There are 2 protein chains.
Amino acid sequence: MRQLVLEKPSLDEAYEAVRNGIAQRRMLLIVGNCTVDYVGRASSKLSPGERVLIIKPDGSTLIHRPRDYAPVNWQPPGSIFKTRLVDGCLHIRAYRRKGGEVLDIAFDRVALVAIFHLIDDGEFYLYASEEDMKQAILHDPSLLEEGFKPIETEKPVEPGFIDILGVDKEGVLTVVEIKRRAADRAAVLQLKSYVDALRAETRRRIRGILAAPSLAKGAQSLMAALDLEFKPLSPRRCADILRARRGRRLTEYLNVKGEKRREESGSQP
Amino acid sequence: MRQLVLEKPSLDEAYEAVRNGIAQRRMLLIVGNCTVDYVGRASSKLSPGERVLIIKPDGSTLIHRPRDYAPVNWQPPGSIFKTRLVDGCLHIRAYRRKGGEVLDIAFDRVALVAIFHLIDDGEFYLYASEEDMKQAILHDPSLLEEGFKPIETEKPVEPGFIDILGVDKEGVLTVVEIKRRAADRAAVLQLKSYVDALRAETRRRIRGILAAPSLAKGAQSLMAALDLEFKPLSPRRCADILRARRGRRLTEYLNVKGEKRREESGSQP
DNA sequence: TAATAAATGTCGTTT
DNA sequence: AAACGACGTTTATTA
């Protein structure tokens with residue numbers, strides 16, 4: 001059985017199919033009228049309506065209403081299931097050991113049960129992450145400031161980790177905090193705490209630079225008050241620069257180096 | 001047409017069904033082998049594999065692999081769609097005005113197209129939120145501390161909003177920051193910035209209290225260093241207390257007051 | 001296991 | 001539209 005699709009099944013039919021599908025660790029899509037109850041870190045109740053329930057082979061469970069990006073209720077991977085027919089309803093209970101969280105979905109009508117054995121070994125690549133921004137600055141420190149020299153990345157302090165620690169062209173110790181989106185007050189406070197932590201370690205003068213595409217309004221006054229600096233830097237531009245750099249390096253390998261080195265270069269994330 | 005289900009349709013059949021389903025603002029479930037490309041705030045590429053695509057009436061778009069809670073790619077509500085048959089593939093493009101984000105899904109094989117007109121007017125209630133914790137403290141200030149008296153909630157400062165501002169039994173101004181889960185360094189810094197902002201407004205002595213179920217280790221040293229205080233408080237307990245309080249009040253209404261007041265009480269979230 | 005910070009975070013609320 | 005903070009945030013990484 002690669003796929004099983006039941007249109008408007010009876011609750012008995014649905015029950016059997018769902019039970020088997022979960023036992024065989026398939027991907028289940030169930031559409032129907034249901035209520036949802038959750039008890040765990042919080043509690044929630046959802047009165048009747050038509051929704052889509054997804055149960056994945058890894059135990060992830062999602063209930064999607066016909067609107068919104070986010071599921072209205074869910075259970076993360078690793079859930080344990082119990083399926084029952086009670087009082088003319090198909091109950092699916094997803095239990096999570098951690099936190100003793102329980103999600104109970106009760107269908108009184110099922111429009112579809114579809115069960116699939118999906119094979120997905122595709123590779124996923126994401127560009128223009130904060131990590132890409134950091135790499136771009138390390139490859140080309142002038143992106144941050146002319147004369148900037150990185151010393152260390154992810155330096156632990158206090159605790160917490162400084163994205164990039166370096167010195168400016170005057171030799172002044174400089175803490176760099178990177179954000180891939182508009183920096184808000186929280187980001188400023190984060191940078192401030194790193195600078196303060198470092199001040200406790202040394203008497204050298206220390207600059208704090210926040211590198212991000214933009215700075216929220218309320219964050220601007222904070223920056224000034226805390227004597228920190230802002231450097232506009234977009235994740236897209238960083239990703240482009242990285243790609244160009246790596247492209248160049250790849251070309252160098254192709255022209256000069258042997259097979260093994262080319263593979264190494266090609267396997268970079 | 002309330003529902004249309006196509007098992008293993010040809011790409012032509014799938015194309016027609018998807019086109020119509022999107023035009024009629026239905027809920028679409030499409031299962032098949034696909035690649036996914038995203039360009040927007042970041043960029044991503046996903047090589048071929050079998051996945052579930054959900055398109056909602058509001059334009060929300062989700063691509064789910066057979067694992068993980070989160071979709072591998074998505075588009076938030078409001079997307080605009082373009083469906084095409086190109087080079088033997090069914091392309092579905094979800095375009096988002098904001099940020100010019102583009103999500104392109106290309107199926108070379110479709111296992112299922114299921115289209116539904118879902119009606120969901122159910123109401124969703126969540127208990128034990130941070131808001132519930134705040135209400136519980138306002139109803140019973142001794143939850144925070146014996147003799148505590150709330151003065152104001154969501155007081156704006158600097159900017160930012162103080163969850164609860166009050167005075168302790170000695171009359172000392174007290175800033176309360178509430179977290180529904182273990183308070184981390186960011187929460188401590190948030191409280192600190194509120195206390196500092198308030199200090200700029202008055203010369204009175206000010207206490208800062210962080211009310212949360214627990215305090216992360218790294219946050220403890222920060223609390224001490226910044227002269228702030230921690231009060232253990234669980235969202236569950238607050239929700240229980242709130243429920244009891246409201247239950248009691250409801251009972252009072254039922255026993256004493258007329259129809260109109262009962263309705264008001266009953267309509268509380 | 002706990003803690004720390006990123007995320008294409010999303011979502012509601014308010015200015 | 002921008003900003004601010006909550007979220008049952010989840011997820012990855014690291015001590």
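Treat the numbers as computed from the prediction; the structure is a model and nothing was measured. The sequence lines fix the lettering, A, B, ..., with proteins before strands; numbering per chain opens at 1.
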What distance do [X] atom [atom1] and [Y] atom [atom2] have between them, rounded to the nearest 0.5 Å?
X: A:Leu198; Y: A:Leu173; atom1: CG; atom2: CG; result: 5.5 Å
X: A:Leu222; Y: A:Asp227; atom1: CG; atom2: CG; result: 12.5 Å
X: B:Lys192; Y: B:Asp196; atom1: NZ; atom2: CG; result: 3.5 Å
X: B:Met223; Y: B:Leu210; atom1: CE; atom2: CG; result: 4.5 Å

Rounded to the nearest Å, what distance is computed from the [atom1] atom of residue [X] to the [atom2] atom of nucleotide [N]?
X: B:Gln190; N: D:dG5; atom1: CD; atom2: P; answer: 6 Å
X: B:Tyr194; N: D:dG5; atom1: OH; atom2: C1'; answer: 7 Å
X: B:Leu62; N: C:dT8; atom1: CG; atom2: P; answer: 15 Å
X: A:Arg236; N: C:dT8; atom1: CZ; atom2: C1'; answer: 11 Å
X: A:Arg67; N: C:dT10; atom1: CZ; atom2: P; answer: 19 Å
X: A:Asp132; N: C:dA7; atom1: CG; atom2: C1'; answer: 13 Å
X: A:Tyr125; N: C:dA7; atom1: OH; atom2: C1'; answer: 20 Å
X: A:Tyr127; N: C:dT8; atom1: OH; atom2: P; answer: 14 Å

For A:Val188, does its backbone N or O pair with a side-chain atom of A:Glu177 as donor and acceptor, under 3.5 Å?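 Not a single qualifying donor-acceptor pair exists.
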Distance-only criterion, 3.5 Å: show the donor-acceptor pairs between side-chain atoms of residues 233-240 of chain A and protein atoms not counting sequence neighbours.
residue	atom	partner	partner atom	Å
A:Ser234	OG	A:Arg237	N	3.0
A:Arg236	NH1	B:Gly40	O	2.8
A:Asp240	OD1	A:Arg243	NH2	2.8

So do the side chains of [X] and [Y] get within less than 4.5 Å of each other, counting heavy atoms only?
X: A:Phe148; Y: A:Ile209; result: no
X: B:Ile92; Y: B:Ile55; result: yes
X: A:Val175; Y: A:Leu228; result: no
X: A:Leu28; Y: A:Leu53; result: no

Contact string for nucleotides 10-15 of chain D, one letter per nucleotide 5' to 3', B = base within protein heavy-atom range under 4.0 Å, S = sugar-phosphate only, - = neither, reads BS----
Say you pick atom P in D:dG8 and the same atom in C:dA5; how far apart are they, in whole Å?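 To the nearest whole Å, 22 Å.
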Given the P atoms of C:dT8 and C:dT4, what is the spacing between them in whole Å? 23 Å
Touch class at under 4.0 angstrom, heavy-atom based, for [X] against every strand present:
X: A:Ser129; answer: sugar-phosphate
X: B:Val102; answer: nothing
X: A:Glu177; answer: sugar-phosphate

Steps toward side-chain contact (heavy atoms from CB on, under 4.5 Å) verdict (B:His139, B:Ile241): CA-CA 9 Å; B:His139 277 274; B:Ile241 286 164; 5.8 Å; no
Please work out which residues in residues 44-59 of chain A have a non-hydrogen atom less than 4.0 Å from an atom of DNA chain D and list them by number.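 The answer is none.
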With respect to the phosphate group of D:dA3, does any side-chain polar atom (N or O) of A:Gln220 fall under 4.0 Å of OP1 or OP2? no
Looking at B:Arg185, does any N or O in its side chain come under 4.0 Å of the phosphate oxygens OP1/OP2 on C:dA5?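 Looking at the OP1 and OP2 atoms of C:dA5, one of them is under 4.0 Å from a side-chain N or O of B:Arg185.
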I'd like to check the side-chain hydrogen bond (donor to acceptor under 3.5 Å, both in side chains) partners of B:Glu229; sequence neighbours left out, ordered by chain and number.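 B:Glu229 satisfies side-chain hydrogen bond (donor to acceptor under 3.5 Å, both in side chains) with B:Arg207 only.
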What pairs meet the side chain to side chain donor-acceptor pair (under 3.5 Å) rule with one or both residues in residues 63-76 of chain A, with sequence neighbours excluded? A:Ser44-A:Asn73, A:His64-B:Lys56, A:Arg65-B:Asp120
Can you find a donor-acceptor pair, distance only, under 3.5 Å between A:Gln75 side chain and D:dG8 base? yes
When only distance counts, do a donor and an acceptor, one from the side chain of A:Asp184 and one from the base of D:dG5, lie under 3.5 Å apart?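 No, no donor-acceptor pair under 3.5 Å.
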Between C:dT4, D:dA3, D:dG8, which nucleotide gets closest to the side-chain atoms of A:Leu103? D:dG8
Find which nucleotide of DNA chain C each of A:Asp163 and A:Arg180 is nearest to by heavy atoms, and output the residue with the more 5' nucleotide.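 The residue mapped nearer the 5' terminus is A:Asp163.
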Assuming nearest nucleotide by heavy-atom distance, tell me which of B:Glu130 and A:Leu215 is located more 5' along DNA chain D. A:Leu215
Closer to the 5' end of DNA chain D via nearest nucleotide, is it A:Ala186 or A:Ala42?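 Nearest nucleotide further toward 5': that of A:Ala186.
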Counting Watson-Crick and G-U wobble pairs whose two distances are both under 3.5 Å, find the runs of 3 or more in a row that involve DNA chain D.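 Detected stem regions: C:1-7 with D:9-15, C:9-15 with D:1-7.
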